[in-house]
Amino acid sequence: MQRILQFFLPCLLCAAGATGAAEPQKPNILLFYADDLGYGELGCYGFQEVPTPHIDSIAANGIRFTGGYVSAPLCSPSRAGLMTGRYQQRFGHENNPAWLPDSTVAGLPLSQTTLPQAMKTAGYVTGCVGKWHLGAHPQFHPNRRGFDEYFGLLGGGHIYLPGAAGGVEYNIPMNRNGQDEPLTEYLTDVLGREASAFVKRHAGEPWFLYLAFNAPHTPLQVTDKQLDRVKHISDETRRNYGGLVVGLDDAVGEVLTTLGESGQEANTLVWFFSDNGGPVSVSHSDNTPLRGAKGNVFEGGIRVPFLVSWPGRLPAGATVDAPAMNIDLFPTVLRLAGLELPDDRIVDGRDLWGVMSGEQPAPPHEALLFFDDKVIDGARSGQWKYYRYVDRYYWPVPLDKPNSLAGRRLEGYTYKDERTGRELRLYADHPMLYDVALDPGEAYNLAARQPEVSARMLGYIERWEQDWIKNPRGWK
Ligand code: CA
């Protein structure tokens, strides 16, 4: 804790109070994180098949990013990026950790300072409700990683219906601040209620709430009440997935209603993201119009619904096209809390306030980088998306993580296009360059026609890699 306090001194210059005006109250931060919700699912992104009025209301009252990304196409690494503001390759967290309650390495490394740890130094009360998935050992428990209060599922997923069948971590009891509690009602409803109680309980003091749903991740367990609103969907798997999305939207609505009824709407910054793209083949989720799915770094795996609102402080009904990433939440929120960034480590995220408020519309990132757990590296800059195939990973420094890419060798990688069923041998089709503003489905490879753009994009990847080789942990 000493170390954390040392690096989160109040930022006197960036607090609005430094101008001499009355110091505004720090905003509450309400962060919704959905699980496996595809880009093509929400009404506010133009898709009407599944009704999502409550999530859509965040877009209507705020900002919709059309180029909002996550730092990984998988659950746990995406959360590792979110919680640290850093590319998770810096601490060997590129893959999901197995459920290993005895392992002190299968989780978010303790060397990494988390967002709630920082927020606590600014006087925030911090709460996490829902899916953790950043380690099963007690040392990784949310209460040990910055959250004053925790209720939820500690693993990577869970049954929704009490008594339903499920794998090991899907069937463990709920956890409340380290104590087991049985699941007695439909899980998504319970998470919405617990989050609402937190919002009500802490009215009057600055709070940070991370509500990490496991919906609409499998298992596809839904109630009749949810199914009734998606009964027009003929495909049974997709209908059940749609039911999970409806349940998610209901729970978001309950929390937003509580926020309004407790008079905190005007002082709360609300974020809504998905942790990765939809797993099309598993749950028949929809990433339209994007190519790819959960598990790869094509647009459908990493470009996600990405919303933010703060009534009275941010524009309503606005759209931002500048590429942004979940890791940007860390520096954006820290500044609003009056904190400086830690000065002992590289933070890869960028403050989004300028593009959100319209005060500084220049893109916050020159380039975003994507390194999946397979053999494709990607970069996005402006309208361009570039991919490089690498025939093996050669990260040269042994990392202390069993779920790291270090030393992994893969002889080839075949990607199956979910829409056409066509198998692509990626090494036969590289490099790849797409204008994702004009061609979000990434159908037309322009690498040969745009050699200068390709070289610049490759340069972003190679530069990051060279820097990483020199200083893999990103300490300053
Ligand atoms: Ca996920």
Side-chain angles (χ1 to χ4, degrees), residues 31-37 70-84 86 88-89 91-110 112 114-117 126-147 150-160 166-178 180 183 187-188 190-191 194-195 209-219 244 248 273-279 282-283 294-295 301-302 304 326-327 329 372-373 401-404:
L31 166 58
F32 296 111
Y33 217 51
D35 195 354
D36 290 8
L37 180 70
V70 282
S71 55
L74 285 176
C75 304
S76 183
S78 167
R79 286 148 213 273
L82 176 76
M83 284 291 123
T84 61
R86 316 180 78 207
Q88 56 280 349
Q89 288 80 9
F91 42 92
H93 202 114
E94 305 94 324
N95 212 331
N96 286 334
W99 177 253
L100 297 170
D102 295 329
S103 170
T104 55
V105 290
L108 179 65
L110 303 186
Q112 302 306 307
T114 66
L115 180 56
Q117 284 178 320
T126 56
C128 174
V129 172
K131 168 167 161 172
W132 182 236
H133 207 194
L134 288 172
H137 189 281
Q139 72 173 18
F140 297 125
H141 191 279
N143 291 145
R144 304 272 291 269
R145 300 300 277 133
F147 287 106
Y150 176 69
F151 175 87
L153 52 136
L154 285 170
H158 206 274
I159 55 169
Y160 293 89
V168 180
E169 69 199 269
Y170 282 59
N171 236 332
I172 59 174
M174 293 289 100
N175 187 284
R176 185 187 299 278
N177 299 322
D180 287 349
L183 176 67
L187 178 53
T188 308
V190 174
L191 298 183
E194 289 287 338
L209 175 61
Y210 170 43
L211 173 45
F213 293 100
N214 59 316
H217 193 292
T218 54
L244 288 176
L248 164 72
F273 309 133
S274 178
D275 72 334
N276 51 252
V282 177
S283 58
K294 175 180 180 178
I302 45 162
V304 293
N326 62 339
I327 58 175
L329 185 132
D372 74 0
D373 67 330
K401 306 287 295 174
N403 54 338
S404 161

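Since we're looking at a predicted model, the values are computed, not measured.
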How many angstroms lie between atom [atom1] of [X] and atom [atom2] of [Y], to the nearest 0.5 angstrom?
X      : Y      : atom1 : atom2 : answer
Arg144 : Gln117 : CZ    : CD    : 11.5 Å
His217 : Leu244 : NE2   : CG    : 11.0 Å
Asn326 : Ser71  : CG    : OG    : 4.0 Å
Leu248 : Leu37  : CG    : CG    : 6.5 Å
Leu134 : Asn96  : CG    : CG    : 10.0 Å
Ser78  : His133 : OG    : NE2   : 11.0 Å

TODO: Can you label the angle between the Tyr210 ring and the Phe147 ring as parallel, tilted or perpendicular, going by 30° and 60°?
DONE: parallel
Determine the minimum heavy-atom distance between [X] and [Y], stating which atoms define it.
X      : Y      : value
Ser103 : His137 : O-CB, 3.1 Å
Thr104 : Phe140 : O-CZ, 3.3 Å
Cys75  : Asn276 : N-OD1, 3.4 Å
Tyr160 : Asn214 : OH-O, 3.1 Å
Thr114 : Gly146 : OG1-CA, 4.4 Å
Arg145 : Pro116 : O-CG, 3.7 Å

Would a distance-only check, ignoring hydrogens and angles, find a side-chain to backbone donor-acceptor pair under 3.5 Å from [X] to [Y]?
X      : Y      : result
Lys131 : Gly156 : yes
Asn177 : Tyr150 : yes
His158 : Ile172 : yes
Asp36  : Pro216 : no

Open item on the list: So, applying side-chain contact (heavy atoms from CB on, under 4.5 Å) with Tyr33, which one of Leu82, Leu211, Leu329 is it?
Closed with: Leu82
Open item on the list: Check this for me: does any side-chain nitrogen of one of Asp35 and Arg79 sit under 4.0 Å from a carboxylate oxygen of the other?
Closed with: yes
Task: side-chain contact (heavy atoms from CB on, under 4.5 Å) evaluation trace for Gln112 with Met83 - done: CA-CA 9 Å; Gln112 302 306 307; Met83 284 291 123; over 6 Å; no
So do [Y] and [X] actually touch side chain to side chain, heavy atoms under 4.5 Å?
X      : Y      : answer
Leu209 : Val129 : yes
Glu94  : Pro77  : no
Leu187 : Phe213 : no

Open item on the list: Determine whether Leu108 and Phe91 satisfy the following criterion, side-chain contact (heavy atoms from CB on, under 4.5 Å), listing intermediate values before the conclusion.
Closed with: CA-CA 8 Å; Leu108 179 65; Phe91 42 92; 3.5 Å; yes
TODO: Start with the C-alpha gap between Leu153 and Tyr170, add the side-chain angles, then the distance that decides, and say whether side-chain contact (heavy atoms from CB on, under 4.5 Å) holds.
DONE: CA-CA 8 Å; Leu153 52 136; Tyr170 282 59; over 6 Å; no
Open item on the list: Run Leu74 and Lys294 through side-chain contact (heavy atoms from CB on, under 4.5 Å) and show every step you take.
Closed with: CA-CA 6 Å; Leu74 285 176; Lys294 175 180 180 178; 4.2 Å; yes
